[in-house]
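Notes follow the structure.
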Number of protein chains: 2
Amino acid sequence: MPPTIKDIAKKAGVSVTTVSKALNNYQDIKPETRKKILKIARELNYQPNTTARNLVLRKTNTIGLIISGLSTSRSAHHFLFDVICGINDQAYGKQYDVLLYGTNSENQKRMSYLDLCLQRNFDGVILMGVKTDDPYVQEVVEAEIPTVLIDVPIVTSTCGYVTTDNVKGAEMAVQHLLDLGHRHILMINGHRQAFVSLQREEGYKKALEANGLPFREDYVAYTDFESDSGAQAVVSLLQKHLQATAIFCASDLIAYGVITKCMEMGYRVPEDISVIGFDGIQLGEIMTPALSTIYQNRYVMGTSAVNMLIEMLEGSEGYSRVLPPTLIQRDSTKAITN
Amino acid sequence: MPPTIKDIAKKAGVSVTTVSKALNNYQDIKPETRKKILKIARELNYQPNTTARNLVLRKTNTIGLIISGLSTSRSAHHFLFDVICGINDQAYGKQYDVLLYGTNSENQKRMSYLDLCLQRNFDGVILMGVKTDDPYVQEVVEAEIPTVLIDVPIVTSTCGYVTTDNVKGAEMAVQHLLDLGHRHILMINGHRQAFVSLQREEGYKKALEANGLPFREDYVAYTDFESDSGAQAVVSLLQKHLQATAIFCASDLIAYGVITKCMEMGYRVPEDISVIGFDGIQLGEIMTPALSTIYQNRYVMGTSAVNMLIEMLEGSEGYSRVLPPTLIQRDSTKAITN
DNA sequence: TTGTATGCGTTATCAC
DNA sequence: GTGATAACGCATACAA
């Protein structure tokens, strides 16, 4: 049994009230008493019981980090890990604990968002990985528990979100290809249940139209963000559109699958076809050819989310924080030659 | 304010005891009473307050996942993420929560292992990423808190560990090179403060000696497991040992750095020099040439750790679980030609 | 089968 | 300055 304030009180010959006050730096305690109490606490190696503390203070100082699709997605870690690091570091600095809770679309049906949060007594939560048609997307606004969403654009008095400017990022990617002279640019998107897919497609469209080019639906294919499905998608897309000279991929992993498959099919990248990705994960540097891509700062997404959540915990309303993407030019894109 | 058992009791016209018992499936409750109570609980959307529960039960059902070097290491996620997924999945299935706690060597000095665990009221902890000279390595055995270490060989009544058989894995890697005819095999190891480095070096040594070859200290260089330092280390090592035809690297990232640098220096891989890694991360498939390596099942390390911890929580003593590595042959190793 | 009383470790109120 | 005492929400020994 670890020592409690009661043990300290007994040993010091004072009441628990006095001990509690001394330990919590109240000013109405005689300096000598405080000193004595602190000394005994140190001797006993006293550590306050967080559970008891949480109960009476009605605050757990705990952030629920709810991640949908944590384990199910093979590719998740490339994106998630840095965000988690950012969250962890920032939470640590602000004296908050992080409870990791991995879930998926199925489990979301079994336990409601509100129930989950109520049971765990989260002060607030950071929610990521949810799809547009996941139950939690609706429930999060009704629950009225301070929540920061990653990459899901919802703002209410208790909900905010942080995301990269995906529209802008996609525009930059496509504009980069246009600047290189490409006119027939395909897009291999993620799945339609991801907000970022919609946004990146919008950016793709905007860039084309800003340059007087038509948006063609049949230029776009959908995948699950993984390399395998990217590879699969590119085959039929390229066969249907032999005039294409460039491909914008909604993730670096898609781009990897696409490039590999293109080479298999006899295309040279970037000589015959330029490919650009999205994310800026380490993989892109390592591939041959090194991948041109749009970088999003995942670590900052994490720290921003924690900061926003804490602001909300202190009374602020939800808002949005949209981070700027960056174009990274490497070897998978090249000016068109003819 | 969320509803409590008191609210239910009032509404049902019974005592809180009855409610508590009904909710916890005690058998000495009249079926109708139970039914009524459950109905009201559902109506109010009652969720038990975990904090209060933890306090009285003296059990938090929470596993502390303490990771040293979570953010500091650029390469961490390749290894860590899968372990975390395994831990999360298994803990979820066994009704345990996972509190993520990232730390580093510095912070370990500021707050002792015991204090950290006492404050958070962890039932048990899974500890990973610690170096041989980190404070927690000593403190973990004194703390007497059920702990499972990842890749740190300590067994006491309250400590166990899970690891890959690194000696065996290294032997397999080196034997693979020997089988291909290589006789001058360099090793680029991780840092000396990692247990796995010591073990992999031992395996390297054993394989050489089993084949009647001498172990030469000057054939081994040390790095921080990252690609950059691998690249750096290989330069001087190769210059000193021009007869070398193969390199065993203690991580896939080191191998990547090594291969890149070798090519820069004009070597062909694997024609002039064979390179094998350790870990089996996705990067290896993507590199050119695709990396031969030793695969360790990180997800199972995670699930095993949770299982072991729960056994210990139920009274079992600490033990060790050593998982088998697998050789993956790809394109970075080749039979010697001369 | 149900209720009363007590305690888990802490903080807060208020009297002394 | 200090100390009873109640309260946080829940579980349980024991009495009824």
Side-chain angles (χ1 to χ4, degrees), chain A residues 1-38 40-41 44-62 95 97 115 117-123, chain B residues 1-41 44-62 95 97 114-115 117-123:
Chain A
M1 283 302 96
T4 70
I5 50 172
K6 219 185 258 179
D7 300 317
I8 301 181
K10 206 170 291 174
K11 213 157 190 168
V14 298
S15 74
V16 293
T17 310
T18 308
V19 175
S20 175
K21 286 187 170 178
L23 259 28
N24 289 293
N25 276 319
Y26 277 64
Q27 284 316 310
D28 55 351
I29 296 287
K30 211 198 300 178
E32 308 139 47
T33 326
R34 177 199 311 285
K35 204 171 281 177
K36 181 161 68 170
I37 290 173
L38 291 180
I40 296 179
L44 296 179
N45 188 35
Y46 168 78
Q47 290 303 128
N49 181 312
T50 313
T51 310
R53 208 156 207 254
N54 291 346
L55 183 59
V56 62
L57 293 181
R58 299 145 155 282
K59 186 168 184 339
T60 57
N61 266 274
T62 298
Q95 318 275 16
D97 281 340
D115 291 353
C117 295
L118 248 37
Q119 263 193 29
R120 299 299 192 295
N121 299 116
F122 295 143
D123 285 353
Chain B
M1 282 303 97
T4 69
I5 50 172
K6 217 186 260 177
D7 299 318
I8 301 182
K10 206 171 291 172
K11 213 156 191 170
V14 298
S15 73
V16 293
T17 309
T18 309
V19 175
S20 175
K21 286 187 171 178
L23 258 29
N24 289 293
N25 276 319
Y26 276 64
Q27 285 317 311
D28 55 352
I29 296 287
K30 210 199 299 179
E32 307 139 48
T33 325
R34 176 199 312 285
K35 205 171 281 178
K36 180 161 71 170
I37 290 172
L38 290 180
K39 180 157 169 286
I40 297 179
L44 296 179
N45 188 35
Y46 168 78
Q47 291 303 129
N49 181 312
T50 314
T51 309
R53 208 154 208 257
N54 291 345
L55 183 58
V56 61
L57 293 181
R58 297 142 156 286
K59 185 167 183 346
T60 56
N61 265 274
T62 298
Q95 318 275 17
D97 281 340
L114 180 62
D115 291 354
C117 296
L118 247 37
Q119 262 192 31
R120 299 298 191 296
N121 300 116
F122 295 143
D123 285 352

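Lettering of chains follows the sequences in order, A, B, ..., and the numbering in each one begins at 1. Computed from a predicted structure; not experimentally measured.
A/Thr17 contributes a side-chain N or O that forms a donor-acceptor pair with the base of D/dA4 under 3.5 Å.
The side chain of B/Tyr46 lies closest to D/dC10, out of D/dC10, D/dT12, D/dT5. Of the candidate nucleotides C/dT2, D/dC10, C/dG9, D/dC10 has the atom nearest to the side chain of B/Ala52. With C/dT11, D/dC8, D/dC10 as the candidates, the nucleotide lying closest to the side chain of B/Ile5 is D/dC10. Comparing C/dT1, C/dC8, D/dT2 against the side chain of B/Pro31 picks out C/dT1 as the nearest. Checked against C/dT10, C/dG3, C/dA12, the side chain of A/Asn49 finds its nearest nucleotide in C/dT10. Across C/dT2, C/dT11, D/dA4, the shortest atom-to-atom separation from the side chain of B/Thr18 is found for C/dT2. Picking from D/dT12, D/dT2, C/dT10 the nucleotide with the shortest atom distance to the side chain of A/Pro48 gives C/dT10.
Of the two residues contacting DNA chain C, namely B/Leu57 and B/Gly13, the nearest-nucleotide position lying further toward the 5' end is that of B/Gly13. When the nearest nucleotides of DNA chain D are assigned to B/Lys6 and A/Val16 by heavy-atom distance, the more 5′-ward of the two goes with A/Val16.
Within 4.0 Å of B/Leu55, counting heavy atoms only, lies at least one base atom of the nucleic acid. Contacts of A/Thr51 with the nucleic acid, taken as non-hydrogen atoms under 4.0 Å apart, are absent. A/Asp28 comes within contact range of at least one nucleobase, with a heavy-atom separation under 4.0 Å.
Atom NZ of B/Lys39 sits in a sparse spot, with 12 or fewer heavy atoms from other residues, nucleotides or ligands closer than 6.0 Å. Dense packing is recorded around NZ of A/Lys59, with more than 12 heavy atoms of other residues, nucleotides or ligands lying under 6.0 Å away.
Residues A/Asn45 and B/Asp115 bring a donor and an acceptor atom of their side chains to less than 3.5 Å of each other.
Whole-Å rounding puts the B/Asp7 CG to D/dG9 P distance at 9 Å. Between B/Asn54 atom CG and C/dC8 atom P there is a gap of 16 Å when expressed in whole angstrom units. When the P atom of D/dA11 is taken as reference, atom CG of B/Asn24 falls 5 Å away, rounded to whole Å. In this structure, B/Ile37 atom CD1 and D/dC10 atom P are separated by 13 Å, rounded to whole Å. Distance, B/Glu32 CD to C/dT1 P: 10 Å, rounded to whole Å. Counting to the nearest Å, the C1' atom of C/dT10 and the CD atom of B/Gln119 are 14 Å from each other. Between A/Gln27 atom CD and D/dT2 atom C1' the separation is 15 Å, expressed in whole Å. The distance between atom CG of B/Leu23 and atom P of C/dT2, rounded to the nearest whole Å, is 14 Å.
Here B/Tyr26 reaches the OP1 or OP2 of D/dT12: one of its side-chain N or O atoms lies under 4.0 Å away. For D/dG9, the OP1/OP2 oxygens have a side-chain nitrogen or oxygen of A/Arg58 closer than 4.0 Å. Under 4.0 angstrom from either OP1 or OP2 of C/dG9 there lies no side-chain N or O belonging to A/Thr4. Using a 4.0 Å cut-off, no side-chain N or O of B/Arg53 falls inside it from OP1 or OP2 of C/dC8.
If you take OG1 on B/Thr60 and CG on B/Asn54, they are separated by 5.5 Å, rounding to the nearest 0.5 Å.
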Practice problem: For A/Thr17 and A/Ser20, run side chain to side chain donor-acceptor pair (under 3.5 Å): C-alpha distance rounded to whole Å, both residues' side-chain angles, the deciding distance at 0.1 Å, then the answer. | Solution: CA-CA 5 Å; A/Thr17 310; A/Ser20 175; over 6 Å; no
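Partner of B/Thr51 under the side-chain hydrogen bond (donor to acceptor under 3.5 Å, both in side chains) criterion, chosen from A/Asn121, A/Thr50, A/Thr62, A/Thr51: A/Asn121.
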